[in-house]
Trainee: 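Quick one: the structure is below, questions incoming.
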Amino acid sequence: NDFAGAENAIKLDSLGYGWMVLLSGTVANARRLISIYQEHLASLIEPLTMGNVHAVMSVPPKLYKEELAEEFVWSRLARSYEWFLNEGNTKLPDGVYSQILFDVQNINLQCDLLLAGFINGADCLLTVERDGTVRDHDSFATVGSGATVAECALYQRGCARWMGVLEAAYCVYEAKRLSEIAPGVGRETSLVVLEPIEGKQPLVKLSGGKELKFLDQHYKRMGLRPF
């Protein structure tokens with residue numbers, strides 16, 4: 001299965017430098033985009049700040065779209081993307097040029113990413129959409145085929161950044177369980193808690209059977225019930 005929504009897919013990865021990533025969509029594309037992020041972060045000279053994080057995190061999707069455009073144009077013309085941009089409008093029939101240009105403009109990354117990290121101890125949450133757009137989020141963010149259902153559930157619960165870990169964990173667990181009605185969302189659930197460590201990779205706590213059983217008991221009592 002090539003989709004991250006599969007139950008047996010590993011959907012959590014590290015970007016390094018204090019950032020974790022949750023992926024959704026076509027696994028190969030997501031892994032390639034993650035590798036571009038890792039290379040980009042490793043090449044930074046200036047440290048990440050709240051002022052530059054959006055601009056810095058917007059670069060890898062652009063690079064990946066250029067890579068996909070190169071592959072697409074080569075598959076159609078056996079020419080480089082640079083040749084297409086510089087000479088395509090004069091060397092190709094108008095219809096061919098216009099169609100390829102349209103297709104390039106609509107290239108889709110075929111994946112979504114949720115980026116979570118800390119900058120000087122402050123949490124930072126962003127998503128990368130399939131068109132390459134990077135968005136900032138305050139209290140929570142969702143990705144994947146169940147994102148709409150999960151987002152509605154989190155809004156309904158009033159999930160906010162000031163919540164304690166236990167209350168926030170229940171909100172997230174409930175949102176995940178409700179989102180299982182969406183195609184591609186597996187029933188197996190993992191819960192991860194990140195904590196900042198000065199100058200190091202964030203501490204990752206994986207909730208095991210005991211914690212999930214506790215949340216499930218509350219979900220059966222407080223969650224959505226049949227009419």
Trainee: Between E82 and E70, what is the shortest heavy-atom contact and its length?
Mentor: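 Nearest heavy atoms, E82 then E70: N-OE1, 4.3 Å.
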
Trainee: Mind checking whether L191 and L215 have side chains closer than 4.5 Å, heavy atoms only?
Mentor: yes

Trainee: Would V143 and V172 show up in the same hydrophobic cluster when neighbours are defined by side-chain heavy atoms closer than 4.5 Å?
Mentor: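 No, V143 does not connect to V172 through the hydrophobic network.
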
Trainee: Do the side chains of F102 and F72 join up, straight or via other hydrophobic residues, at under 4.5 Å, putting them in one cluster?
Mentor: no

Trainee: Could you please spell out the steps behind the side chain to side chain contact (heavy atoms under 4.5 Å, CB included) verdict for L109 and L68?
Mentor: CA-CA 8 Å; L109 299 180; L68 293 174; 4.0 Å; yes

Trainee: Using side chain to side chain contact (heavy atoms under 4.5 Å, CB included), reason through V128 and V21 one step at a time and then give a plain yes or no.
Mentor: CA-CA 10 Å; V128 183; V21 55; over 6 Å; no

Trainee: Is there a path of hydrophobic side-chain contacts, each under 4.5 Å between heavy atoms of I/L/V/M/F/W/Y residues, joining L114 to V59?
Mentor: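 Different hydrophobic clusters.
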
Trainee: What are the two closest non-hydrogen atoms of A182 and G146, and how far apart are they?
Mentor: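 Scanning both residues completely, I find the closest heavy atoms to be CB-CA, 3.8 Å.
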
Trainee: Is there a path of hydrophobic side-chain contacts, each under 4.5 Å between heavy atoms, that joins L113 and I119?
Mentor: yes

Trainee: Closest heavy-atom contact between N108 and C111?
Mentor: OD1-N, 4.5 Å

Trainee: Any chance you could measure L125, atom CG, to L115, atom CG, to the nearest 0.5 Å?
Mentor: 8.5 Å

Trainee: Got a sec, which hydrophobics cluster with W74, joining ILVMFWY side chains under 4.5 Å apart, including via others?
Mentor: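 Traced through the cluster, W74 reaches no other member.
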
Trainee: How close do R157 and C171 get, counting heavy atoms only, and between which atoms?
Mentor: CB-SG, 3.7 Å

Trainee: Would you say that L212 contacts Y219 through its side chain, given a criterion of any heavy-atom pair below 4.5 Å between the two side chains?
Mentor: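 Sidechains of Y219 and L212: no contact.
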
Trainee: Counting C-beta onward and ignoring hydrogens, is there a side-chain heavy-atom pair between S24 and K11 closer than 4.5 Å?
Mentor: no

Trainee: Report the distance from atom CG of D13 to atom CZ of R31, rounding to the nearest 0.5 Å.
Mentor: 5.0 Å

Trainee: Where do F214 and K210 land on the side chain to side chain contact (heavy atoms under 4.5 Å, CB included) test, with the steps shown first?
Mentor: CA-CA 6 Å; F214 173 80; K210 182 179 179 181; over 6 Å; no

Trainee: Under 4.5 Å between any side-chain heavy atoms of E180 and T189, yes or no?
Mentor: yes

Trainee: Ignoring hydrogens and geometry, is there a side-chain-to-backbone donor-acceptor pair from N52 to P47 under 3.5 Å?
Mentor: yes

Trainee: Which pairs, with at least one residue in residues 156-185 and sequence neighbours excluded, count as a ring pair (Phe, Tyr, Trp, His ring centres under 6.0 Å)?
Mentor: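 Applying ring pair (Phe, Tyr, Trp, His ring centres under 6.0 Å) to every pair that reaches into residues 156-185, excluding sequence neighbours, yields nothing.
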
Trainee: Does any N or O in the side chain of R161 come within less than 3.5 Å of the main-chain N or O of D138, such that one atom is a donor and the other an acceptor?
Mentor: yes

Trainee: Main chain of V134, side chain of S58: is a donor-acceptor contact present, judged purely on distance under 3.5 Å?
Mentor: no

Trainee: Can you list the residues that meet the side-chain contact (heavy atoms from CB on, under 4.5 Å) rule with L44, with sequence neighbours excluded?
Mentor: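 Listed in chain order: H40, L41, L48, V56.
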
Trainee: Step through the shown structure and confirm whether more than 12 heavy atoms of other residues, nucleotides or ligands are within 6.0 Å of CG on D94.
Mentor: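 Check fails, neighbour count at 12 or below.
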
Trainee: I would like to know whether R177 and E174 meet salt bridge (charged side-chain N to carboxylate O under 4.0 Å, His left out); could you show each step before the answer?
Mentor: CA-CA 5 Å; R177 289 294 303 272; E174 180 183 63; over 6 Å; no

Trainee: How long is the gap from OH on Y64 to CD1 on I34, to the nearest 0.5 Å?
Mentor: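 The OH atom of Y64 sits 10.5 Å away from the CD1 atom of I34.
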
Trainee: Which pair of heavy atoms, one from S14 and one from Q38, lies closest together, and at what distance?
Mentor: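 In this case the closest contact between S14 and Q38 is O-NE2, 2.7 Å.
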
Trainee: Partners of E151 by side-chain contact (heavy atoms from CB on, under 4.5 Å), sequence neighbours excluded?
Mentor: F140, T142, Y155

Trainee: Can we say E66 and K62 salt-bridge, meaning some charged N sits less than 4.0 Å from an Asp/Glu carboxylate O?
Mentor: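 Looking at E66 and K62, the cut-off is not met.
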
Trainee: What's the spacing between C152 SG and Q156 CD if we round to 0.5 Å?
Mentor: 9.0 Å

Trainee: Please name the pair of heavy atoms, one in T127 and one in A141, separated by the smallest distance, quoted to 0.1 Å.
Mentor: CG2-CB, 3.7 Å

Trainee: Report the residues that fulfil side-chain contact (heavy atoms from CB on, under 4.5 Å) with K91, sequence neighbours left out, ordered by chain and then residue number.
Mentor: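 Here the qualifying residues are W83, E87.
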
Trainee: What is the distance from atom CG of L33 to atom CG of L15, rounded to the nearest 0.5 Å?
Mentor: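 Interatomic distance, L33 CG to L15 CG, rounded to 0.5 Å: 9.0 Å.
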
Trainee: Could I get the full list of side-chain contact (heavy atoms from CB on, under 4.5 Å) partners for A168, not counting sequence neighbours?
Mentor: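 Scan of A168 (side-chain contact (heavy atoms from CB on, under 4.5 Å), adjacent residues dropped) gives M163.
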
Trainee: Nearest 0.5 angstrom please: R32 CZ to T26 OG1, how far?
Mentor: 15.5 Å

Trainee: With side chain to side chain contact (heavy atoms under 4.5 Å, CB included) as the criterion, how do M57 and Y37 come out once you've worked through the C-alpha distance, each side chain's angles and the decisive distance to 0.1 Å?
Mentor: CA-CA 8 Å; M57 293 303 194; Y37 265 106; 3.5 Å; yes

Trainee: Evaluate the side-chain proximity of I36 to E67: yes if any heavy-atom separation is below 4.5 Å, no if none is.
Mentor: yes

